[in-house]
Amino acid sequence: MKMIRSVRGVKDILPDQTPAWRKVEATAHALAIRYGFQEIRIPLFEQTELFARSIGTATDIVEKEMYTFLDRDGTSLSLRPEGTAGVVRAYLEHNFSSRSPVTKLYYLGPMFRYERPQAGRFRQFHQFGVEAFGTDDPLMDVEVISLLWRFFHTLGISGLTLIINSLGTIAERQAYSEALRQSLSARHADLCHNCQRRLVSNPLRILDCKVETCTHITRQAPVITDFLSPDSSSHFRKVQDGLDLLEIPYVPNPYLVRGLDYYTRTTFEITASSLGAQNAIGAGGRYDGLVELLGGPPTPAVGFAAGLERILLLLPPESIPAPAPLVFVAAFGEKGRIAGFQLLEKLRIHGFTADTDYRAASLKALLRSAHRRSATYTIIIGDDEASAHSVILRNMAEKTQEYLPISSLIDRLRNLVELSRF
RNA sequence: GUGGGUGUAGCUCAAGGGUAGAGCGCCUGACUGUGGCUCAGGAGGUUGCGGGUUCGAAGCCCGUCACUCACCCCA
């Protein structure tokens, strides 16, 4: 029988990793709510056209990275490659704009892209993202960046760099893109093969090419900053002032471009130097044209997405909370096992994290099992104790124990052990 | 889609054409009602898969798959 393995680039998150995941997720929920965002849960798949229209038909994501399939009625559907498109769709579908001028939403969940897996890159990966609709105030840009920055800080992740840029309005970006194309066309022969292709399809992408000759050439080309209107310039200036007010360090970089077509004005990216090739752990920006593009009223918006797998790679061990102390029931003998089984249930009802090992028959084996499970306390109950309606409460680290009636055990443990949450 | 590296026990890895091994982990016992240490024993393998060369292949050759890193792309 051939073993069926998980799909390439799609990972199980095993029990030794889930506490770290819960920490990251809990922090995301707590901070987003603290910043006034509300959780939205959107579908894992949508009509393909939604992604094509919002992300851009010429992007790699839409061109070759989506998991696309036909519904039974022939509609083309795709697994979501990112979260913003679906959130905007839901925002419009449920008329959020008519309920309140400003809507702040966040989401958490898996995304899907057909890519070659490598360090920090998977076909199913998870993102935490926020979207703030209804204001073009630069302070909202700052708020979104601040939330992302504090998120990493709260998790104990350091050594990060915040890079910011402004791409201007759609018109300004187009004007710059054209100027760039003309300027670089003169050096066409000196550009790398890839960039020669980009010159036609998407000149902006040449700016973040890593080939040395290309970067050298682009440093002499026109800079986006010179193509920003006074409005866009002022907006960008105010974003930087806001970051200064909050004492969030940043590096302006006119060569930061983002892969998705819908970004306008502010764009930003937070990178970790220790992460290897896939070093962006959070990125986002303003997308003032997207709501309108998807059929809604003109609505300014700004947001970010953060990659949880990459964050997990950086999460310091001390940020992961210790599990609740375990109370282990070591019950043996005919009467002891019955009394111990009832006691185990009682402990759980009262909120203790409690377990036993049905396989272990001897006290020795039970204690070995308790030790392996890192139990804080072990309750020893054999036939003698069961007959006397008593138990032995053993402190595993101290190797001390006390003999006490079953009736007083719960109260005794309450003084010793912290309860589990639910 | 392209290129490099790696596939041997649950895990980390040896064996470099001649009997498939070690450490860790797991189980049992020494210790019949008290865990960690020690000692002894035990279980666990189609050497990723398929073909080829050879008297003989974990090893060499070809193919294939997977993992991994990088390009690309991006969170």
Side-chain angles (χ1 to χ4, degrees), chain A residues 2-11 16 24 55 59-66 81-84 108-129 148 151-152 192-195 197-198 202 205 208-211 256-260 268-272 275-285 303-314 328 330-333 336 357 359-386 392-401:
Chain A
K2 201 179 132 196
M3 274 276 240
I4 298 175
R5 298 175 45 94
S6 66
V7 174
R8 165 174 242 197
V10 177
K11 300 290 184 194
D16 64 341
V24 171
I55 299 167
T59 59
D60 278 21
I61 292 177
V62 170
E63 260 183 6
K64 47 192 184 195
E65 293 180 1
M66 285 206 296
E82 57 105 50
T84 302
L108 205 55
M111 307 294 165
F112 307 86
R113 290 181 200 172
Y114 187 90
E115 296 185 274
R116 271 296 269 281
Q118 74 183 74
R121 191 172 76 184
F122 310 93
R123 290 186 174 178
Q124 174 173 329
F125 61 103
H126 296 74
Q127 287 188 332
F128 159 47
L148 183 58
F151 173 54
F152 295 134
C192 74
H193 184 74
N194 238 315
C195 286
R197 195 167 43 78
R198 287 170 174 151
N202 193 349
R205 293 227 66 91
D208 60 5
C209 181
K210 289 164 196 158
V211 177
L256 172 71
V257 294
R258 307 240 17 94
L260 289 66
F268 57 90
E269 185 170 291
I270 293 181
T271 59
L275 219 48
Q278 309 298 324
N279 66 352
I281 59 173
F304 71 68
L308 301 193
E309 280 81 359
R310 293 178 190 178
I311 291 166
L312 265 294
L313 292 174
L314 298 171
F328 190 92
F332 57 102
D357 180 356
R359 270 188 350 144
S362 66
L363 178 56
K364 179 189 193 61
L366 283 160
L367 277 169
R368 190 162 47 225
S369 191
H371 178 252
R372 188 171 42 228
R373 297 283 302 278
S374 304
T376 305
Y377 289 95
T378 296
I379 296 174
I380 297 171
I381 179 161
D383 287 343
D384 297 350
E385 289 77 10
I392 294 168
L393 174 59
R394 180 174 177 83
N395 179 321
M396 295 299 280
E398 305 293 329
K399 304 183 78 156
T400 57
Q401 51 192 43

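Quick caveat: nothing in here was measured; it's all calculated off a predicted structure. Below, read A as the first sequence line, B as the second, and so on, with proteins coming before strands; counting in each chain starts at 1.
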With a 3.5 angstrom cut-off on both distances, give the Watson-Crick or G-U wobble partner of B/C67, or none if there isn't one.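 By the stated definition (distances under 3.5 Å), B/G5 pairs with B/C67.
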Please name the nucleotide paired to B/C60 by Watson-Crick or G-U wobble geometry with both distances under 3.5 Å, or report none.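 By the stated definition (distances under 3.5 Å), B/G52 pairs with B/C60.
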Between A/Arg121 and A/Glu115, does at least one N-O distance fall below 4.0 Å, as a salt bridge requires?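 Answer for the salt bridge query: yes.
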With [atom1] as the reference atom in both, quote the distance from [N] to [M] in angstrom, rounded to an integer.
N: B/G10; M: B/G51; atom1: C1'; value: 31 Å
N: B/U6; M: B/G44; atom1: C1'; value: 24 Å
N: B/U47; M: B/A58; atom1: P; value: 7 Å
N: B/G7; M: B/G63; atom1: C1'; value: 16 Å
N: B/A14; M: B/A22; atom1: P; value: 16 Å
N: B/A57; M: B/G50; atom1: P; value: 14 Å
N: B/C74; M: B/G5; atom1: C1'; value: 24 Å
N: B/A30; M: B/U12; atom1: P; value: 34 Å

Identify whether any heavy atom of [X] sits under 4.0 Å from a base atom; if not, whether one sits that close to sugar-phosphate; answer base, sugar-phosphate or nothing.
X: A/Arg310; value: base
X: A/Glu65; value: sugar-phosphate
X: A/Phe122; value: base
X: A/Met111; value: nothing
X: A/Glu385; value: base
X: A/Arg394; value: base
X: A/Ile392; value: base

May I ask you to evaluate whether A/Lys364 reaches the phosphate of B/G35, defined as a side-chain N or O under 4.0 Å from OP1 or OP2?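 Answer yes for this pair, as a side-chain N or O of A/Lys364 is under 4.0 Å from OP1 or OP2.
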Taking only side-chain N and O atoms of A/Lys11, does any of them lie within less than 4.0 angstrom of OP1 or OP2 on B/U68?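 Yes.
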Spacing of A/Asp384 atom CG relative to B/U32 atom C1', expressed in whole Å: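 Rounded to whole Å, this separation is 14 Å.
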Taking the six-membered ring for Trp, is the centroid-to-centroid distance between A/Phe112 and A/Phe125 below 6.0 Å?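 No, they do not, as the ring centres are separated by 6.0 Å or more.
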